**Q** 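One structure is given below, represented as C-alpha cells, and several questions about it will come after.
What you see is a predicted model, and the numbers here were worked out from it, not measured in a lab. Every chain is numbered from 1, with letters handed out A, B, ... down the list of sequences.
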Amino acid sequence: MADALEGRAPIVWPDRLRVAALPPQARFVFRGDAEAAARAGDAFGATLPMTPCRAAADDARAALWLGPDEWLLLAPPGTEDGTARDIAAALADLPHALACVSDRHAALTVSGPRAETLLAAGCALDLDPRAFPQGMCTRSLLAKAEIVLWRHQPASFRLEVRRSFAAYVWDFLAEAAREHASA
Amino acid sequence: MTRYSLWSLLREGLTGHRGWPKAWRDPAPRPSYDVVIVGGGGHGLATAFYLARNHGIRNVAVLERGWIGQGNSGRNTTVIRSNYFFPESAAFYEFALRLYETSARELNFNTMVSQRGLITLSHSRHDLEGARRWVNAMHLNGIDSEMLTTADIARMVPDLDCSPGARHPIHGGFMQRRGGIARHDAVVWGYARAADALGVDIIQNCEVTGFVFDGPRAAGVQTSRGTIMAGRIGLAAAGHQSVLAGMAGFRLPLTTYALQAFVSEPLKPWLDKVVISPATGVYASQSDKGEIVLGGALDLYPSYAQRGNLPVAEHVMSGFLELFPSMARVRFLRQWAGMTDVVHDSSPIIGAAPVEGIWLNCGWGTGGFKAIPAGGWTFAHTIANQAPHPLVEGFGLDRFARGALIDEAAASGIAH
Amino acid sequence: MLLIACPHCGPRDEAEFVCGGQTHIARPGPPETTSDAQWARYLFERDNPKGLHLERWLHRHGCGQWFNVARDTLTHEVKAVYGLLDTRPDVT
Amino acid sequence: MTGAFRTTTGGRIDRARPLSFRFDGRAFTGCAGDTLASALLANGVHLAGRSFKYHRPRGILAAGAEEPNALVGIDRGPGRYAPNLRATQVEIHDGLVAESQNRTPSLRFDIAALADFAAPLIPAGFYYKTFMQPAGWWAKLYEPRIRAAAGLGRAPRGADPDRYTQRYAHCETLVVGAGPAGIAAARAAAARGDRVILCDEQAEPGGSLLAETRARIDGLCAQDWLAAALAELAAEPRVTILPRTTAFGYFAQNFVALAERVTDHLAVPDPNLPRERLWQVRAREVVLATGAIERPLVFPENDRPGIMLADSARTYLARYGVKPGCRALVLAAHDDAYGAALDLAAAGMEIALIVDPRPAADGELPRRAMAAGLPVRMSATVVGTRGRLRVHEAHVGTIGADGGVRGVDVVSCDTLLMSGGWTPSVHLHSQARGKLAFRADLQAFVPGATPQACRSVGACAGEFGLQAALGPATRVEDDPVREGGFAGALPHDRPRARAFVDFQNDVTAKDLTLALREGFRSIEHVKRYTTNGMATDQGKTSNINALAIVAAASGRAIPEVGLTSFRQPYTPVTFGAFAGTSRGELFDPVRTTPIHGWAVAQGAIFEDVGQWKRAHHFPRPGEDMHAAVRRECAAVRARAGIFDASTLGKIEVVGRDAAEFLERLYVNSWKKLEPGRCRYGILLNEAGFVIDDGVIGRLAPDRFHVTTTTGGAARVLSMMEDYVQTEWPDLQIWLTSTTEQWAVIAVQGPKAREILAPLTEGIDLSRDAFAHMAVREGRVAGVPARLFRVSFTGELGFEVNVPAGQGRAVWEAIWEQARRHDAVAYGTETMHVLRAEKGYIIVGQETDGTVVPDDLGLGWAIGKGKRDFVGKRSLSRPDIAAPGRKQLVGLLSADPGHVLDEGAQIVAMRDPPPGTPALGHVTSSYWSATLGRSIALALVADGRARHGQTLFAPMPGGAVPVAVTGPVFHDPEGRSLDG
C-alpha cells in the first residue's frame with residue numbers, strides 16, 4: 001500500500017530534532033453521541049474520550065477526540081474489515097456513522113527537544129507541556145495545511161495530514177527545520 | 001477663489017506665500033439648507049459640487065463627523081479604472097474615469113491623475129479565458145482594453161517573475177491603458193475647494209446623531225452642532241451608512257469589513273504600471289512619492305475598527321513577493337485599514353431610501369475611490385430631480401427584492 | 001489576530017475559524033407564503049452594527065462546530081461565546 | 001587606529017578588532033561593536049545623506065531608530081541590496097559595503113540640490129497648485145520629472161536568495177525594551193515563574209544603561225550591574241532574551257508582532273539561518289519599556305551636518321568611544337544637554353558655549369556644568385548657522401522679555417548639540433488602542449488607560465531617571481533629576497529663514513503655518529498637506545514639534561489640536577519577514593493525486609486547478625496540445641480512455657435522515673432513489689444560483705456517496721455542516737469528507753466494459769445487471785472498490801473508486817487492460833471537449849454565480865412537487881422568473897474551421913455601435929474531432945427561442961457569424977451510453 005510520504009528519509013539533527021514519516025495505518029472516523037461512542041470504544045478496544053482534545057491509546061489502537069460527536073480511530077493496518085464489522089455489530093441498534101479513511105491521511109512524527117519550536121514555525125497553538133500535555137490532540141493548522149496534532153509522547157508529536165497536503169507539510173517542516181541544523 | 005497656477009505660485013513665492021486664501025471656509029452650520037449631504041468624503045463633496053454647478057442648488061451643506069477625507073477617501077490605494085464587465089457598471093465607471101481625466105482643470109486643483117496603465121494578470125488557462133471574456137465585453141462597451149502575452153508583460157514590468165516555474169505562473173493578462181492612479185487627498189480637497197467656491201458650506205467636526213421627521217418624511221438631522229433642517233438629505237457616509245440608516249429607522253443590504261493597504265519606504269522609479277494579480281490576491285503600484293502601494297483582500301469578519309489583522313498582511317506581502325521576488329529586502333513602512341460597505345453583488349446603491357426625503361449613495365465595497373466623480377455627478381442628479389440618473393437606474397435598492405443583481409464579483413471573480 | 005474561545009476547544013487564533021456573519025436569522029418559509037420582500041431581507045439585509053454584533057463562527061480547523069459569538073466590531077473584544085441554539089446573552 | 005575621533009579608552013566597542021568597510025566607495029576602518037554611524041563619526045564623517053525634497057546635505061542627527069537623515073543602501077551581492085537602512089542601526093562587519101542615497105552624482109556635490117534654490121517657489125503642497133496647464137503636459141512632462149526626483153533608495157534587482165522564517169510564541173509576560181525599566185520588569189516576571197520574552201531593537205540589551213556614565217546601581221557602575229542582571233536572566237530557562245528584535249505591531253487580544261534581524265550583522269552568515277524571523281507573540285501581559293526619544297529644537301538652519309541631538313552625541317562618546325567633533329555649541333532646553341556637555345568636555349572636547357532658551361536652569365546638571373566652568377548663556381537661542389557640508393558657526397541671540405531676539409553673536413563650532421527634552425515612545429501603547437494624556441511639564445503625551453492587559457513603565461510612561469525605572473528595591477546613587485522640555489519653534493527674527501521640523505521630508509515651521517493659513521486646521525490635514533511625519537521615521541522626531549507649532553499658530557492647546565494616529569509598524573519591516581517561508585512552492589500547497597507520478601512518467605502536461613495539479617493532456621513525441629487532444633478524443637469515442645478523476649470532492653452522508661437531508665439541500669428528489677442507484681445532483685445557494693453539481697450514489701438506505709466539483713469540495717462540506725448544525729438540527733445525519741480516501745479512475749468508451757471485466761470481482765458488469773447511473777461495491781484488481789456506472793463523455797462509462805493508497809496500482813492494472821484495446825489515457829482538456837460535445841456543463845465554466853438551473857436547461861432536474869430546498873424561493877423572484885434570461889445554447893461558427901474565443905461576446909448585429917449590450921458570451925469552445933468541426937457552448941439571452949438564428953461574435957479581426965443550435969452536438973439520443 002503506497003503512502004503519500006513514501007521514500008521521504010527522516011530529517012534528523014541528533015539530540016535536537018527528528019521528523020519521520022509513519023507507515024500506513026487503519027483509520028476510521030466515528031460519529032455519534034456519547035452512548036454510541038462508549039459502546040464503540042468497547043468494540044474497538046480503545047476508549048473514545050469524552051474530554052475535548054484528548055486521545056486514549058494503547059500500543060496498537062488509539063481514539064482521538066476531534067469534535068463533540070467526532071473521533072478519529074487508529075488501528076493496525078489491514079484491520080479495516082474486522083474493526084468495521086465489530087463496531088457495526090456492537091452498535092446495530094444505535095444511530096452512528098462509521099467511515100473508513102485509512103488512505104485519507106498520511107502521518108508523521110516530530111520529536112526531540114526542538115519539536116515544539118519547529119512546530120511553532122507554523123502552528124499558533126501554545127505547545128508548552130503545561131498548555132499541551134501528553135495525550136492532548138486537536139485539529140489545527142500548520143502554516144497552510146490542516147493537521148491533526150497529537151502529543152502522543154512527552155517529547156514527540158504525531159501529525160495526521162490530508163494525503164494531498166502531506167508533501168507540502170513535509171517540505172514546510174524541512175524548510176523550517178533548517179535553522180535547527182546548526183546547534 | 002484665487003486661481004491656482006504657475007503664475008500665482010511665482011507671485012506668492014516672492015511674497016513669502018502670505019497671500020493664499022483658505023482653500024475652503026470654516027462656516028458655522030445654518031439652521032436649514034435645501035440639501036444636506038452627510039459625509040465629507042469624495043462622494044459627498046463631489047455631490048455638493050455638482051449640485052451647485054450642474055443643478056444650481058447652492059444652498060447645500062456637507063456635514064463631516066471629523067475632518068473631510070478622513071474615511072475611505074483618504075484610506076484607499078488610489079486606483080482608477082473602468083474595466084468592468086456588465087454594461088451598467090462599465091458605463092458608470094467609464095463616465096467616472098472620463099471625469100477624472102479632466103478633473104484637475106475642472107477643479108483647478110491638481111488631482112495628479114496618472115493613467116499609467118493597469119494590468120490584470122492571468123495565472124491559469126481558466127484565468128486567461130476569463131480575461132478574454134472580460135476584454136471582449138469591454139470592447140463592446142467601448143472601453144479600451146487589450147490582451148497581453150506573458151512576453152508583453154515581462155517587457156512592461158521587468159522585475160515581475162514571469163518564469164514558467166513560478167508557483168502561479170503568469171499565462172498572460174489584459175491591460176486598460178487609461179487605468180492608473182490619482183492623488184486621493186487632492187481629489188477630496190479639490191472638490192471641497194470648488195464646492196466651497198460655489199457657496200457650499202463644508203462643516204467639519206459635525207457628527208449626525210439622529211434625524212428630524214415631519215410625519216413619515218425626514219426633514220432634517222440632529223448633529224453635535226445642533227439641529228439642521230433640510231429639504232432633502234443625501235447620505236454618503238461610506239463605512240457608516242448602516243449606522244445612519246439605523247438612526248433613520250431602516251436597514252441596508254450592507255456589511256462593513258476592514259480593507260488594508262500597505263506602503264513601502266520610498267524607492268526611485270521602479271514600477272510604472274498598476275499590477276493586479278487575482279491568484280496571489282494582491283495588487284501593486286508605485287506612488288509619485290516613490291512608495292510601493294499594496295492592496296489585497298478584505299479581513300474576513302465585520303469590522304469598524306479601521307485596523308487590519310496580521311494574517312491578511314502576511315498574505316498580501318507574500319503574494320507580492322511571489323510576483324516580485326527581488327523585493328524581499330524592501331521594507332513596509334505604513335499600514336492602514338479602511339471600512340468598506342460590501343453589497344452582495346459588489347455593485348453600488350444610488351437612489352431613494354425606504355424613508356421619504358432621504359437619498360442613498362453607498363455600497364462601494366472596495367471600489368469607491370475610482371467612482372467619486374460619477375458617484376457625485378449621478379447622486380447630485382438623483383437628488384436634484386428626485387429620480388435616478390440614467391447611469392444608475394440599475395443601482396437602486398429595489399434590485400435585491402427583484403433579483404436583478406449586477407454581480408460584478410461573481411462575473412469577474414476579482415474583488416472590487 | 002483575534003483570539004476566540006471555542007466552546008469545545010478553548011481559546012484559538014482566528015485562523016482556525018470562519019465567520020458566518022449575523023446570527024439569530026430565521027430562514028423564512030415555506031416558499032409559497034414568503035414574499036419577495038421577506039426573502040430579500042433574509043438574503044441581503046443585516047444589522048451591521050458599529051459595536052456589539054451577534055455572529056456565527058465555525059471552528060473549521062478545530063472541532064468543526066458552529067457557535068455564536070458576541071463581538072464588538074469596533075474594538076474586536078469578544079464579549080461572550082454561546083451555543084447556536086442558546087438565546088442571546090445579556091451583554092452590551 | 002580606527003578613526004581620528006575615536007577615544008583611546010572607554011565605550012563598548014572592541015578596539016582590538018578593527019573592521020574594514022566601504023562607504024560610497026571609500027575605505028574606512030571601524031571597530032567590532034560599531035554601528036555604521038558611529039564608525040563614520042569616528043572617521044570624522046558627518047555628511048551621510050541628502051533630504052527628500054530640497055536635497056540638502058544632512059548629517060547624522062541621532063543614534064537610534066529615530067534617525068531621519070543618515071539613510072544608506074547596503075549591498076551584499078546579487079539580490080542582496082537593501083535600501084533605506086538607518087546608518088544608526090546598521091552594525092558594521094568586515095567587508096560591509098554601504099552607499100548613500102538620493103544624490104547625483106555624489107553626496108558632496110548633488111545637482112538636484114538646485115531644488116534648494118527654488119525652495120521659495122515650492123512650499124508645502126505646491127504641486128496641487130500647478131502643473132495643470134497645458135493639458136497633457138502633466139502626464140508627458142511634469143509627472144515623470146516629479147517621479148524621477150522622488151524616492152530615496154533604489155530598488156534591489158534579482159531574487160533575494162536569503163531565507164525568512166516565522167515563529168509563534170506564547171508567554172505570560174512580554175517585555176518590550178531591555179533598558180533599565182524593561183530589565184526590572186523581566187526580573188520581576190521571571191521571579192514569578194512566568195514565561196518571559198524580553199526583546200530589544202538594539203544589538204545588545206541595556207538601553208540607556210549602555211551609555212550611563214554617572215549613576216551607580218547597588219554599588220556597581222551601570223554596565224557591571226547590567227552584565228550581572230542579564231546573566232541572571234539568561235540563566236532562567238523560561239526567559240527568552242531577543243536582541244536585534246523590534247516589536248512593531250500590537251494587535252487585538254495582546255497579540256504582538258516582533259521582527260528579529262538574525263544575520264545582517266554577520267560577515268559570513270550561516271546559510272542555515274534565516275536573515276530575519278517574524279515572531280508572533282500571544283502574551284498574557286505586555287510590559288512596554290520602550291523608552292523615550294530626544295526632541296530636536298526648531299531654529300533657523302537647524303539641519304546642517306554636525307548638528308546632532310545632545311544625548312545621541314553623549315551616547316556616541318560613552319558607548320562607542322567617539323567624539324562627535326572638536327568644538328561644540330550646545331543648545332539646551334533640557335538639563336540632559338548639560339550632562340552631555342559635561343561628558344564631552346571630560347573627554348577633551350571643547351564646549352564653545354551652552355545656550356539655554358530658559359530664563360533659568362538650577363537643576364543639578366546645569367549647576368555642575370557651571371561649576372566645571374563651562375560657558376553658559378541663559379535666555380538665549382540660536383538664530384542661524386553657517387556651513388554647507390558641515391556646520392562651522394552658529395549665531396546666538398538673546399531672547400527679550402517680549403519674545404524678540406536681539407544681540408546676535410557669532411560662535412564658531414564644528415558641532416551643534418541640541419535637546420528639547422524627551423518624547424515618550426507611546427507608539428505601541430497607542431497601537432494597543434490605549435488612550436494618551438498630555439503632560440505640560442514634559443510637553444509630551446504619556447500613556448493613559450488601555451483596553452488590553454498592557455502597562456508602560458519607565459521613560460515611555462514619562463517616568464524618567466534610573467530610580468523610577470529600577471524601582472525602590474534597587475539602590476541608585478547619583479541619578480539627578482533632569483528638568484525641562486520644549487516643543488515647537490524657538491523664537492527668531494528672520495522671516496525668510498527656514499527652521500526644519502521634519503528633516504527627511506524637508507518640512508519647515510513655515511510650511512506648517514502656511515497649511516493653517518490655507519484652512520487645513522485638523523492636524524491630519526496639516527500632516528497630509530505638508531507631509532510632516534510621513535517620512536521613513538514616521539515623525540519620531542518631528543510630530544510633537546509640529547503639533548506645538550500648529551497649536552501655537554492656531555491659538556489652541558496641544559491636546560485640542562490632537563495627535564495623528566500611531567500605526568504599525570513602529571519601524572519599517574521587510575516584506576521578506578512578513579512572507580516568511582511562504583514563498584515559491586510553499587506559498588500555496590501543491591496538491592497531487594495518487595496517480596500523479598504515473599502521469600509525470602508518461603510526460604503529461606499539467607494544469608493548475610485550484611491547488612491541484614491535473615494532467616491536461618498526454619502528448620506523444622512530436623504532438624502539440626491540439627494533436628494530442630484530437631487523438632485522445634477520437635480514441636475515447638472509438639475505443640476507450642482512462643482518466644484520473646481523483647480530485648473530485650467526495651462526502652459520505654450517513655444517518656437515518658440522509659435522504660431527507662439531501663432532499664432539503666439539492667434541487668433533486670432523493671427519497672425515491674433506490675440503494676444501488678445514482679443521480680446527477682444540482683446544488684444552489686439561497687440566492688438560487690448554481691454553485692455545485694455532481695453524481696450522488698445511494699449505497700444503503702442510510703448511506704450516500706456524494707461527489708462534488710474539484711473546486712467545490714471544501715465549500716460544499718462547510719455548507720452542509722452549516723445547514724445540519726444551524727437550520728436542521730432535527731435531522732439525524734453525519735458527514736465525513738472522503739475526498740482523499742478514494743482514488744477515482746474513469747474508464748470511458750465503447751470498450752470500457754471489456755477493459756474492466758477481467759479485473760472486476762463480485763460485480764456483474766452486464767448491461768442489464770449494471771445499468772447506467774448505478775453503483776456497486778466489489779473488488780477491482782483485487783482491491784475493494786466502489787464502482788459507479790456514469791458517463792461524462794456520453795460513452796459507456798465507469799468510475800472506479802479505490803482506496804487512494806492502491807490508486808496507482810489499480811490504475812496501472814487498468815492501463816494494462818486498456819492498452820490491449822488500444823485505449824488511451826486522457827487529460828482534462830479531452831474531458832472538457834467530450835462533455836461539451838454532449839452539452840454537459842461545468843460549474844464555473846458554464847456558470848459564473850449568476851446562473852439558475854433553467855438557464856442551463858436543467859429545469860428537469862428540479863424535484864417535482866418539492867415544497868422547498870436551498871435556493872428554491874429565489875427561483876420565483878420576478879427577475880429570475882422573467883423572460884429574456886441568458887440560456888445555454890450551442891453555437892456553430894459559419895466557418896467550421898474557426899474555433900471561437902472562449903469569452904467571446906455574442907451580439908445580434910455584425911457591427912454593433914459601442915455600448916451595445918451583448919446578448920451573451922461563449923462559455924466553452926473547442927475543435928471537435930468527433931464532428932470534424934468547431935463547436936461552442938454559450939449563454940445567450942432567450943437562447944432557446946433563437947435556435948436556427950445567426951448571431952455574431954465581434955472579434956478584433958471582424959465579427960464572426962454563428963448559428964444557434966441546441967447544446968447537444970453528439971449522439972442526442974444517448975445511444976452510446978450503453979456501449
Side-chain angles (χ1 to χ4, degrees), chain A residues 1-4 6 24 27-33 69-70 77 80-81 95-106 117-128 130-132 143-146 161-169 171-182, chain D residues 163 165-171 195 238 262 270-274 277 279-280 282 580-583 585-594 596-597 611-612 646-647 652-656 658 702-703 732-743 783-784 802-809:
Chain A
M1 159 134 134
D3 189 84
E6 218 169 25
R27 298 180 178 88
F28 293 89
V29 169
F30 178 87
R31 305 201 62 171
D33 62 15
D69 63 351
E70 181 182 8
E80 280 85 354
D81 296 353
H96 71 284
L98 186 72
C100 175
V101 294
S102 299
D103 295 44
R104 191 177 77 169
H105 299 180
T117 314
L118 175 61
L119 291 169
C123 180
L125 296 170
D126 184 350
L127 298 176
D128 184 286
R130 305 187 195 184
F132 202 98
K144 299 179 178 185
E146 182 176 286
V161 302
R162 292 291 169 101
R163 175 181 201 92
S164 67
F165 283 94
Y168 165 82
V169 166
D171 294 344
F172 172 83
L173 289 172
E175 168 67 15
R178 269 187 67 176
E179 67 183 86
H180 300 289
S182 343
Chain D
R163 297 163 50 249
T165 61
Q166 302 190 343
R167 186 176 298 173
Y168 291 95
H170 300 258
C171 63
R195 281 180 295 174
R238 288 168 73 79
V262 181
D270 176 344
N272 284 319
L273 289 180
R277 184 183 289 120
W279 290 76
Q280 304 184 41
R282 183 80 66 177
T581 49
S582 176
R583 298 175 66 181
E585 289 287 285
L586 294 179
F587 171 67
D588 194 14
V590 176
R591 305 174 67 183
T592 59
T593 73
H596 184 77
Q611 293 174 318
W612 291 99
S646 302
T647 61
E652 197 102 335
V653 178
V654 183
R656 182 192 65 208
D702 66 346
R703 182 176 293 258
Q732 183 198 91
I733 70 128
W734 291 278
L735 307 163
T736 306
S737 166
T738 51
T739 301
E740 308 234 25
Q741 166 66 15
W742 302 105
V783 176
V802 292
Q806 327 262 27
R808 177 151 180 190

**Q** When you check the gap from the basic side-chain N to the acidic O, do D:Asp270 and A:Arg178 get nearer than 4.0 Å?
**A**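 Looking at D:Asp270 and A:Arg178, the cut-off is not met.
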
**Q** Distance from D:Leu273 atom CG to A:Glu179 atom CD, nearest 0.5 Å?
**A**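 The distance works out to 7.0 Å.
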
**Q** Taking side chain as everything from C-beta outward and backbone as N, CA, C, O, which of these in A:Ala143 sits under 4.5 Å from a heavy atom of chain D? Side chain, backbone, both or neither.
**A**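 Answer is neither: A:Ala143 stays 4.5 Å or more from chain D.
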
**Q** Would you name the heavy atoms of D:Trp734 and A:Arg31 that are closest together and state the gap between them?
**A**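 Shortest heavy-atom separation between D:Trp734 and A:Arg31 comes out as CD1-CB, 3.4 Å.
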
**Q** Does any backbone or side-chain atom of D:Trp742 lie under 4.5 Å from a heavy atom of chain A? Answer side chain, backbone, both or neither.
**A**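 Neither part, no heavy atoms under 4.5 Å.
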
**Q** Report which part of D:Gln732 has an atom under 4.5 Å of a heavy atom belonging to chain A: side chain, backbone, both, or neither.
**A**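 Contact with chain A involves the side chain of D:Gln732 alone.
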
**Q** Are A:Lys144 and D:Ser582 packed together at the side-chain level, in the sense that at least one heavy-atom pair is separated by less than 4.5 angstrom?
**A**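 They are in side-chain contact.
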
**Q** Let me know if D:Arg808 has heavy atoms under 4.5 Å from chain A in its side chain, its backbone, both or neither.
**A**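 Interface part for D:Arg808: neither.
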
**Q** Going through the distances and angles, do A:Tyr168 and D:Glu585 end up as a side-chain contact (heavy atoms from CB on, under 4.5 Å)?
**A** CA-CA 8 Å; A:Tyr168 165 82; D:Glu585 289 287 285; over 6 Å; no

**Q** Where does D:Thr165 contact chain A at under 4.5 Å (heavy atoms): side chain, backbone, both or neither?
**A**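 Side chain only.
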
**Q** Could you walk me through whether D:Ser737 and A:Arg162 pass side-chain contact (heavy atoms from CB on, under 4.5 Å), step by step?
**A** CA-CA 11 Å; D:Ser737 166; A:Arg162 292 291 169 101; 3.6 Å; yes

**Q** Report yes if the side chains of D:Pro803 and A:Glu80 come closer than 4.5 Å at any heavy-atom pair, otherwise no.
**A**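 No. Closest side-chain heavy atoms not under 4.5 Å.
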
**Q** Between A:Ala120, A:Gly32, A:Ala106, A:Ala97, who has the most heavy-atom pairs with chain D when the cutoff is under 4.5 Å?
**A**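 Option with the top pair count is A:Ala120.
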
**Q** From D:Cys171 SG over to A:Asp128 CG, what is the distance, rounded to the nearest 0.5 angstrom?
**A**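 Nearest 0.5 Å value for the SG-CG distance: 11.0 Å.
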
**Q** Does any backbone or side-chain atom of A:Val101 lie under 4.5 Å from a heavy atom of chain D? Answer side chain, backbone, both or neither.
**A**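 Backbone plus side chain of A:Val101, per the 4.5 Å heavy-atom cut-off to chain D.
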
**Q** Heavy atoms only, distances under 4.5 angstrom: which of A:Cys100, A:Ala176, A:Ala99 has the most pairs with chain D? Name it, please.
**A**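 Sorted descending by pairs with chain D, the first entry is A:Cys100.
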
**Q** To the closest 0.5 Å, what do you measure between SG (A:Cys123) and CZ (D:Arg167)?
**A**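 So the gap between those two atoms works out to 13.5 Å.
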
**Q** Could you walk me through whether A:Asp126 and D:Arg195 pass the side-chain contact (heavy atoms from CB on, under 4.5 Å) test, one step at a time?
**A** CA-CA 12 Å; A:Asp126 184 350; D:Arg195 281 180 295 174; 2.8 Å; yes

**Q** What part of A:Ala121 gets within 4.5 angstrom of chain D, counting heavy atoms only: side chain, backbone, both, or neither?
**A**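 Both the backbone and the side chain of A:Ala121 come within 4.5 Å of chain D.
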
**Q** Under a 4.5 Å heavy-atom cut-off, does chain A meet the side chain of D:Arg238, its backbone, both or neither?
**A**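 The side chain, not the backbone.
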
**Q** Taking all non-hydrogen atoms of both residues into account, name the closest pair between D:Gln741 and A:Ser102 and its distance.
**A**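 Smallest heavy-atom distance, with atoms named: OE1-N, 3.2 Å.
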
**Q** If you look at every heavy atom in D:Thr581 and A:Phe172, which pair is closest and at what distance?
**A**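 Answer, listing the atom of D:Thr581 first, then A:Phe172: OG1-CE1, 3.2 Å.
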
**Q** Can you name the side chain to side chain donor-acceptor pair (under 3.5 Å) partners of D:Arg163, sequence neighbours left out?
**A**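 Side chain to side chain donor-acceptor pair (under 3.5 Å) list for D:Arg163, sorted by chain: A:Glu175.
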
**Q** If you compare all heavy atoms of D:His170 against all heavy atoms of A:Ala124, which two are closest, and at what distance to 0.1 Å?
**A**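 Shortest heavy-atom contact: NE2-O, 2.8 Å.
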
**Q** Evaluate side-chain contact (heavy atoms from CB on, under 4.5 Å) for A:Arg104 paired with D:Thr736, printing each intermediate quantity in order.
**A** CA-CA 11 Å; A:Arg104 191 177 77 169; D:Thr736 306; 3.8 Å; yes

**Q** Under a 3.5 Å distance rule, please check whether A:Asp103 uses its side chain to pair with a backbone N or O of D:Gly805 as donor and acceptor.
**A**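 Yes, because the side chain of A:Asp103 sits within donor-acceptor range (under 3.5 Å) of the backbone of D:Gly805.
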
**Q** Using heavy-atom distances under 4.5 Å, tell me whether A:Leu125 contacts chain D through its side chain, its backbone, both, or neither.
**A**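 The backbone, not the side chain.
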
**Q** Measure distances from D:Thr647 to the heavy atoms of chain A and classify the residue's part below 4.5 Å as side chain, backbone, both or neither.
**A**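 Interface part for D:Thr647: neither.
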
**Q** Taking only residues two or more places apart in sequence, or in another chain, which ones meet A:Phe165 in a ring-ring contact (aromatic ring centres under 6.0 Å, His included)?
**A**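 Not a single residue meets the ring-ring contact (aromatic ring centres under 6.0 Å, His included) criterion with A:Phe165.
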
